[in-house]
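Structure first, then comments.
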Amino acid sequence: GGFSIDAVTGDGTNYYSAVYPVAPGNYSVTEPAGQHDTALGSLICTIEGVPVPFETATANFTVAPGDTVTCFYVNAMPGRILVVKLSDPFPYEQPFAFTFTPPTPGAPTNFPLTPKPGFATWDSGTLAAGAYTITEAAVPNWTLTDVTCDPIAGSTAAPVNGGVTVNLAAGDIVECTFTNVATPAQLTLKKTATGIADGYPWSFDFLVTNVDSGEADEVTLDSETPSEVLTEIVPGARYTVVEVPSDGWTSGITCSLGTAMEDGSGWEFTAAPGDVLTCDATNDADPASLSLTKTVDGVTADYEWAFDLTLDPADGVAPGATQTVEGTGPVAADPIEWTNLLAGETYTIAEQQVPGWTPGALTCTGAQDTNPDPVAVTFVAQPGGKISCEIENTPEPIDITILKAARGGDATFQYVLTPLDPAGEAIVSSVLTQGVFATPTFTGLTAPGLYSLAERDLPGWIEGELFCNVA
């Protein structure tokens with residue numbers, strides 16, 4: 001469909017007409033020629049945030065979902081020069097100073113243009129035929145990359161330092177477009193890791209996101225490459241720097257420009273052309289901890305036991321290197337715990353051997369054991385790691401061996417072992433002496449226990465005194 005815009009010729013005011021809503025798709029807009037004795041000076045449409053100039057009065061474009069396309073038609077009366085200011089990025093709040101010099105003896109005219117809608121076009125007014133020079137003053141961190149002049153009929157243009165000279169033909173309209181490119185900003189991202197042992201390798205990921213465009217750079221910093229320089233930061237765009245969370249680490253980030261994000265997840269900034277900024281990210285490793293549960297088997301319910309376990313090295317570890325775990329009977333004791341283990345440090349946990357006890361295998365979860373000894377575990381503490389260990393001990397078997405001597409012949413003798421505390425059923429062992437000696441035994445006795453040992457009377461034999469030695 002068609003629409004019209006009512007405007008006052010020559011007043012330099014922007015007049016608008018809005019067409020909305022429109023569905024995503026392909027569209028074109030055309031302004032018919034020859035209206036009100038004017039000619040089309042320029043046509044620029046902002047499409048997906050990018051200024052796109054068109055050579056004719058028809059703009060063809062695609063409307064993306066949620067996008068707004070704005071087209072700027074500049075119409076001029078014959079016999080004039082239009083100066084249009086474009087920039088990369090566009091739009092940008094940066095004024096540029098121009099000088100318009102007419103043929104002698106005319107006086108130069110100074111005017112500013114800003115590359116944003118409504119402030120980017122200058123109209124010379126009606127001019128006689130002749131040579132006119134337009135120059136742009138240099139702006140730090142901006143580079144004039146292109147000056148293009150488009151006459152309608154008969155005029156020519158020649159480049160000069162910082163601008164162009166237009167030989168305007170009588171009644172012609174010339175549009176000269178000055179394009180400047182901003183010097184990209186530069187971001188140095190640095191990472192420091194603390195709370196770890198010397199030589200411990202680390203790696204962290206970051207997202208540096210141009211919020212305006214949605215484009216994101218993934219940056220990985222590690223112990224081998226703890227910093228990286230990003231050289232294509234778009235001036236004027238809003239950026240965020242966010243570290244991907246890592247378990248077991250407490251992180252923080254500050255930059256030399258901008259502010260912390262409201263949710264505390266990172267930093268945000270908007271850089272100017274040529275800015276050089278630094279973001280320092282610091283990660284502190286959370287200390288690791290180790291808990292150990294001890295059980296014993298094969299003892300009576302009232303038997304008290306105690307074992308020492310040692311963690312090495314113990315610098316900075318609480319409560320220290322060695323702890324004693326103790327309990328009563330065949331049950332698990334309350335766990336003991338070591339805290340403040342340094343991430344990246346290599347530790348060994350081991351039980352001190354107690355005579356008369358057989359240790360089971362020491363097993364730990366949350367750590368990778370590199371120790372071949374089954375009763376010790378060697379591991380590297382990880383940031384924030386929670387290591388859980390278990391070990392079970394059983395008493396070594398208690399045996400009673402009797403050295404029996406029979407003088408004057410061989411016979412079968414019997415011995416009775418009676419459990420008194422705790423009370424139990426008596427055990428009888430018989431032995432036949434051969435050549436004076438024999439060795440009856442009682443095996444598999446439970447500790448602790450109170451026993452009585454007696455030899456049964458044998459007719460015809462005189463019983464000697466019984467002596468016992470505990471080894």
Phe379 and Gln368: side chain to side chain contact (heavy atoms under 4.5 Å, CB included), yes or no, with the steps? CA-CA 6 Å; Phe379 62 92; Gln368 184 174 358; 6.0 Å; no
Trace of the ring pair (Phe, Tyr, Trp, His ring centres under 6.0 Å) decision for Trp122 with Phe100: CA-CA 10 Å; Trp122 178 81; Phe100 180 80; 5.0 Å; yes
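- Checking Glu93 against Thr114 by side-chain atom types alone, no donor-acceptor pair falls below 3.5 Å.
- The distance from atom CG of Leu207 to atom OG of Ser265, rounded to the nearest 0.5 Å, is 10.5 Å.
- In this structure, a donor-acceptor pair under 3.5 Å is absent between the side chains of Asn180 and Ser87.
- Contact detail for Ala381 and Ala288: the closest heavy-atom pair is CB-CB, 4.0 Å.
- Between the side chain of Asp205 and the backbone N or O of Thr220 there is no donor-acceptor pair closer than 3.5 Å.
- Looking at Asp308 and Thr322, their side chains never bring a donor and an acceptor atom within 3.5 Å of each other.
- Taking CH2 of Trp357 as the reference point, atom CH2 of Trp305 lies at 8.0 Å (rounded to 0.5 Å).
- Taking CD of Glu136 as the start and CG of Asn161 as the end, the distance is 11.5 Å to the nearest 0.5 Å.
- In this structure, a donor-acceptor pair under 3.5 Å is present between the side chains of Asp146 and Thr148.
- For Glu326 (side chain) and Thr324 (main-chain N/O), no donor-acceptor pair under 3.5 Å exists by modelled atom type.
- More than 12 heavy atoms of other shown residues, nucleotides or ligands fall within 6.0 angstrom of atom CG in Asp263.
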Verify side chain to side chain donor-acceptor pair (under 3.5 Å) between Thr62 and Asn26, making sure each step is shown before the conclusion. CA-CA 4 Å; Thr62 299; Asn26 298 320; 2.6 Å; yes
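- Residues Pro102 and Ala107 approach most closely at CD-O, 3.4 Å, considering heavy atoms.
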Please lay out, stage by stage, how Ile47 and Val69 fare under the test side chain to side chain contact (heavy atoms under 4.5 Å, CB included). CA-CA 5 Å; Ile47 304 171; Val69 176; 4.0 Å; yes
Output, in order, the C-alpha distance, side-chain angles, deciding distance and verdict of side chain to side chain donor-acceptor pair (under 3.5 Å) for Glu31 and Asn75. CA-CA 10 Å; Glu31 180 186 80; Asn75 290 67; 2.8 Å; yes
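- Side-chain contact, Thr133 with Thr165: a donor N or O sits under 3.5 Å from an acceptor N or O.
- Gln323 places no side-chain N or O within 3.5 Å of a backbone atom of Gly320 that could act as its donor or acceptor partner.
- Glu396 CD: more than 12 foreign heavy atoms inside a 6.0 Å radius.
- Going from atom CG of Leu309 over to atom CD of Glu351 covers 5.0 Å, rounded to the nearest 0.5 Å.
- Formation of a donor-acceptor pair under 3.5 Å by the Asp275 side chain with backbone atoms of Ala185 is not found in this model.
- Counting heavy atoms from C-beta on, the side chains of Tyr92 and Pro235 come closer than 4.5 Å.
- Aromatic ring centres of Trp267 and Phe269 lie farther apart than the 6.0 Å criterion allows.
- With hydrogens and angles disregarded, no donor-acceptor distance shorter than 3.5 Å links the side chain of Thr143 to the backbone of Thr145.
- Taking the centre and axis of the six-membered ring of Phe96, the NZ or CZ atom of Lys85 falls inside the cone set by 45° and 6.0 Å.
- Under a 3.5 Å cut-off, the side chain of Ser256 and the backbone N or O of Thr278 do form a donor-acceptor pair.
- Using modelled atom types, one finds no donor on one side chain facing an acceptor on the other under 3.5 Å when comparing Ser124 with Arg80.
- Across all non-hydrogen atoms, the minimal contact from Leu86 to Thr177 is CD1-CG2, 3.7 Å.
- Checked by atom type and distance alone, the side chain of Tyr347 pairs as donor or acceptor with a backbone atom of Leu342 at under 3.5 Å.
- Between Pro78 and Thr126, the closest heavy-atom pair is O-CG2, 4.4 Å.
- Sparse packing is recorded around CG of Asp315, with 12 or fewer heavy atoms of other residues, nucleotides or ligands lying under 6.0 Å away.
- With respect to the salt-bridge test (charged N to carboxylate O, under 4.0 angstrom), the residues Lys190 and Glu228 do not qualify.
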For Asp280 and Thr254, run side chain to side chain donor-acceptor pair (under 3.5 Å): C-alpha distance rounded to whole Å, both residues' side-chain angles, the deciding distance at 0.1 Å, then the answer. CA-CA 6 Å; Asp280 291 296; Thr254 58; 5.1 Å; no
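- Residues Val208 and Leu187 have side chains in contact (heavy-atom distance under 4.5 Å, counting atoms from C-beta outward).
- Here the straight-line distance linking atom SG of Cys45 with atom OH of Tyr27 works out to 14.5 Å at 0.5 Å rounding.
- To the nearest 0.5 angstrom, Ser291 atom OG is 9.0 Å from Ile336 atom CD1.
- Side chains of Thr348 and Thr378: a donor on one and an acceptor on the other come within 3.5 Å.
- Classification of the Phe204-Trp249 ring pair by plane angle, with boundaries at 30° and 60°, yields perpendicular.
- Proximity of Asp123 to Thr121: side-chain heavy atoms (C-beta onward) are nowhere separated by under 4.5 Å.
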Evaluation steps, side chain to side chain contact (heavy atoms under 4.5 Å, CB included), between Gln94 and Val139: CA-CA 9 Å; Gln94 171 64 58; Val139 176; 3.7 Å; yes
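- Between Ile44 and Tyr73, the closest side-chain pair of non-hydrogen atoms is not below 4.5 Å.
- Considering only heavy atoms from C-beta on, Asn210 comes within 4.5 Å of Val234 through its side chain.
- Using cut-offs of 30° and 60° for the angle between ring planes, the Phe98 and Phe111 rings count as parallel.
- Checked by atom type and distance alone, the side chain of Asp88 never pairs as donor or acceptor with a backbone atom of Val181 at under 3.5 Å.
- Of all the heavy atoms in Ile349 and Leu311, the pair that sits closest is CB-CD1, 4.1 Å.
- Using a 4.5 Å heavy-atom cutoff, the side chains of Trp142 and Thr183 are not in contact.
- Considering Thr56, Thr58, Leu43 in turn, Thr58 is the only one that fulfils the side-chain contact (heavy atoms from CB on, under 4.5 Å) rule with Thr30.
- Judged by distance alone, the side chains of Thr394 and Asp297 never bring a donor and an acceptor atom under 3.5 Å apart.
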Candidate pair Asp284 and Thr282, rule side chain to side chain contact (heavy atoms under 4.5 Å, CB included), full reasoning: CA-CA 7 Å; Asp284 186 43; Thr282 301; 5.7 Å; no
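- Taking each heavy atom of Gly79 and Ile173 in turn, the nearest pair found is N-CG1, 4.2 Å.
- In Phe119, the CZ atom is not crowded: 12 or fewer heavy atoms of neighbouring residues, nucleotides or ligands sit closer than 6.0 Å.
- With contacts defined as side-chain heavy-atom distances shorter than 4.5 Å, the pair Thr240/Met261 qualifies.
- Side-chain contact annotation: Asn110 with Thr99, donor-acceptor N/O pair under 3.5 Å present.
- The closest side-chain heavy-atom distance from Gln186 to Val229 is below 4.5 Å.
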